[in-house]
Amino acid sequence: MIAAIVNAAVIILGSLVGLLLHGKLPERYNDAISKGLGLCTVVIGLSTALKTANMLIVIISVAIGGFIGCLIDIEKWLGRLGTTIESRLSKGEEGSFAKGFVTASLLYCVGAMAIVGSLDAGLRGDYSTIFAKSVLDGVMAIFLTGSCGIGVMASAVTVLVYQGFITLLAGAVEPVLTAAVVTEMSAAGGVLIMGIGLNLIRKEHIPVGNLLPAVLLPIVLTGLFL
């Protein structure tokens with residue numbers, strides 16, 4: 001759990017720095033930085049998605065995962081959770097908290113480093129991957145907070161619960177999360193990361209939350225296609 005706690009703490013620290021810087025730059029600077037960050041996120045997602053050993057796994061995962069996600073309406077529940085937290089903690093612009101919370105939570109949790117790093121921490125006491133991820137997350141939090149608001153800070157709780165859960169159950173899930181499975185989960189997650197990046201660039205919203213089940217489906221599909 002130490003690694004997950006450190007990761008969450010660094011996100012909070014980065015968010016605080018982002019809050020201090022927010023409002024000190026003209027809007028055109030914030031807009032340029034936000035769109036630049038979105039472009040970088042798209043590139044990260046694309047490079048991750050292309051690491052798949054079989055693109056068919058990714059395509060089927062996203063298609064079926066999107067259907068399941070829409071059926072459950074995960075995006076709505078994530079939005080409600082963010083709005084509930086916002087109503088209790090934030091007095092800022094309506095909806096800004098939820099946007100930052102959902103965007104940052106998805107971005108921090110769907111990548112391979114969150115899964116692999118948490119497994120390494122739980123099985124071998126190796127925190128190096130999560131510590132490296134923490135630095136990246138902290139830097140990202142600075143700029144995300146500037147463009148998406150204080151809700152980014154609340155995503156630290158999501159990271160703590162998600163990565164802490166994997167760390168504690170590492171021994172039980174290791175046989176299922178083989179290297180091949182993690183690669184395909186990461187590739188599917190890369191597609192979602194691309195969606196997050198496009199949401200930062202465009203006004204049209206991609207319901208990335210409803211695509212979340214796609215990250216889990218490679219656990220089943222990898223054995224069928226590889």
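All figures in this text were calculated on a predicted structure; none of them were measured in a lab. Below, each value reflects all heavy atoms present in this structure, side chains not excepted, and no hydrogens, waters or symmetry copies.
The closest side-chain heavy-atom distance from Met140 to Ile11 is not below 4.5 Å. No side-chain heavy atom of Thr103 sits under 4.5 Å from any side-chain heavy atom of Val152. In this structure the side chain of Leu200 reaches within 4.5 angstrom of the side chain of Leu144, judged on heavy atoms. Between Leu106 and Leu192, every side-chain heavy-atom pair lies at or beyond the 4.5 Å cut-off. Contact annotation: the side chain of Glu184 never approaches that of Leu221 to less than 4.5 Å [non-hydrogen atoms, C-beta and beyond]. Side chains of Trp77 and Leu81 form no contact here, defined as non-hydrogen atoms less than 4.5 Å apart.
The distance from the CD1 atom of Ile2 to the CZ atom of Phe131 is 7.5 Å, given to the nearest 0.5 Å. Expressed to the nearest 0.5 Å, how far OG1 of Thr167 lies from CG of Asp120 amounts to 9.5 Å. The CG atom of Leu107 sits 9.5 Å away from atom SG of Cys148, with the distance rounded to the nearest 0.5 Å. Note: Ile201 CD1 to Leu39 CG = 4.0 Å, rounded to the nearest 0.5 Å. Here CG of Leu136 is found 9.5 Å from CG of Asn7. Values are rounded to the nearest 0.5 Å.
In the displayed structure, Lys76 atom NZ is contacted under 6.0 Å by more than 12 heavy atoms of other residues, nucleotides or ligands. Enclosure of atom CZ in Phe225 by more than 12 non-hydrogen atoms of other residues, nucleotides or ligands within 6.0 angstrom is indicated. Counting non-hydrogen atoms of neighbouring residues, nucleotides and ligands closer than 6.0 angstrom, the CG atom of Leu50 exceeds 12 such neighbours.
Of the possible donor and acceptor atoms, one in the side chain of Tyr162 sits under 3.5 Å from a partner among the backbone N and O of Cys109. Between the side chain of Lys133 and the main chain of Tyr108, a donor-acceptor pair closer than 3.5 Å is present. Remark: side-chain polar atoms of Thr48 are paired, donor with acceptor, to backbone N or O of Ile44 under 3.5 angstrom. Of the possible polar contacts, none joining the Ser155 side chain to the Thr158 backbone as a donor-acceptor pair under 3.5 Å is found.
Test Thr145, Leu16, Ile142 against Leu21 for side chain to side chain contact (heavy atoms under 4.5 Å, CB included) and you get one pass: Ile142.
The cluster map of Ile, Leu, Val, Met, Phe, Trp and Tyr, joined by side-chain heavy atoms under 4.5 Å apart, puts Val42 and Met55 in the same cluster. One hydrophobic cluster, built from ILVMFWY side chains closer than 4.5 Å, cannot hold both Met153 and Val135; they sit in different ones. Side-chain heavy atoms closer than 4.5 Å link hydrophobic residues (I, L, V, M, F, W, Y) into clusters, and following such links, even through other members, never connects Val159 to Ile130. Leu177 and Val58 fall within the same hydrophobic cluster, defined by Ile, Leu, Val, Met, Phe, Trp and Tyr side-chain heavy atoms under 4.5 Å apart, directly or through other members. Under the 4.5 Å side-chain heavy-atom criterion for grouping Ile, Leu, Val, Met, Phe, Trp and Tyr, Ile193 is connected to Val182 within one hydrophobic cluster.
Across all non-hydrogen atoms, the minimal contact from Gln163 to Ala114 is OE1-CB, 3.6 Å.
For Phe165, the side chain to side chain contact (heavy atoms under 4.5 Å, CB included) partners at least two apart in sequence or on another chain are Leu169. Looking at residues two or more places apart in sequence or on another chain, you find a side chain to side chain contact (heavy atoms under 4.5 Å, CB included) between Val10 and Val6, Ser134.
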Exercise. Can you list the steps and then say if Ile150 with Ser15 is a side-chain contact (heavy atoms from CB on, under 4.5 Å)?
Worked result: CA-CA 7 Å; Ile150 194 174; Ser15 298; over 6 Å; no
For this session: Could you walk me through whether Val181 and Val176 pass the side-chain contact (heavy atoms from CB on, under 4.5 Å) test, one step at a time?
Result: CA-CA 8 Å; Val181 169; Val176 177; 5.6 Å; no
Exercise. Taking it one step at a time, do Met1 and Leu160 satisfy side-chain contact (heavy atoms from CB on, under 4.5 Å)?
Worked result: CA-CA 8 Å; Met1 284 292 291; Leu160 178 62; 4.1 Å; yes
For residues 204-220, dump all side-chain donor-acceptor pairs below 3.5 Å to protein atoms at least two apart in sequence or in another chain.
unit_1	atom_1	unit_2	atom_2	d
His205	NE2	Glu75	OE2	2.6
Asn210	OD1	Ile74	N	3.0
Asn210	OD1	Glu75	N	2.8

